[in-house]
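Indexing begins at 1, ligand by ligand and atom by atom, following the structure's order. For the numbers below, each heavy atom of this structure counts, side chains included, while hydrogens, waters and symmetry mates do not. Index from 1, following the sequence.
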Amino acid sequence: ATEMTLNPLRMMLNEILDQLKAKDIASIFAEPVDVKEVPDYLDVIKHPMDFSTMKKKLNDHQYSNFSDFEADFHLIINNCLMYNAKDTIFYKAAQKLREQGGAILRHAQRRVELVG
Ligand SMILES: CC(=O)c1c[nH]c2ccccc12
C-alpha cells in the first residue's frame, strides 16, 4: 500500500483513541496512576501508560504506525492486569476494555490498511 502521510494516520488514530476512551466510562485509564497515592506502583509497573499520555504522544507525532499505537493500548491493559488483584473493579474493567477495545482496533486496522 502506498505510505499514508503521517497526518491522515494521526487523524485516524485520534478518532480511534476517542472511541477507546469512550469505553472507559469510569475514567480508570484516563490519567496516569498517581504514584503519590500508590507508592509501590512503579516498583511493579516499569512502563506506565494511560489515555492522556497516548493523546500527548499522538499530538507529538510519536506514533508513526498503527501497531505502535496499539502497543500502548495493550500496555494500559496489561499494566492494570498485572498491578491489580483479579477480584478488583480495576482488573475487571481492564478485561472488559480489552474486549471492547480489541473490537474497535480490529475494525480500525482494516480501515488503516484500506486507506494506508
Ligand atoms: C489503572 C489502574 O491500575 C489504577 C487506576 N487508578 C488506580 C488507583 C490505585 C491503583 C491502581 C489504579
Protein residue, atom and distance nearest to atom 4 (C) of ligand 1, heavy-atom basis: Val33 CG2, 3.6 Å
Atom 7 (C) of ligand 1: nearest protein contact (heavy atom, Å): Phe90 CE1, 3.3 Å
Contact atoms of ligand 1, heavy-atom distance to Val38 under 4.0 Å: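 Heavy-atom distances to Val38 below 4.0 Å select 9 (C), 10 (C).
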Test side-chain hydrogen bond (donor to acceptor under 3.5 Å, both in side chains) applied to Gln109 and Glu113, step by step: CA-CA 6 Å; Gln109 170 90 52; Glu113 279 160 8; 3.2 Å; yes
Salt bridge (Lys or Arg N to Asp or Glu O under 4.0 Å) between Arg111 and Glu15, worked out: CA-CA 12 Å; Arg111 279 178 48 219; Glu15 243 175 67; 3.3 Å; yes
Min N/O separation Glu37 to ligand 1 under 3.5 Å: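 Among all N and O atoms of Glu37, none is under 3.5 Å from an N or O of ligand 1.
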Under-4.0 Å heavy-atom contact with ligand 1, by part of Asn84 that carries it: side chain
Part of Ile28 within contact of ligand 1 (heavy atoms, under 4.0 Å):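 It is both parts that get close, each with some atom under 4.0 Å.
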Distance-only side-chain donor-acceptor flag, Asp34 / Tyr41, under 3.5 Å: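 No.
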Parallel, tilted or perpendicular, as decided by the 30° and 60° cut-offs, for the rings of Phe29 and Phe51: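 Aromatic pair Phe51/Phe29 classed perpendicular.
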Pair Lys23 + Glu99: basic N to acidic O under 4.0 Å: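 Here Lys23 does not pair with Glu99 in a salt bridge, since their nearest N and O are not under 4.0 Å apart.
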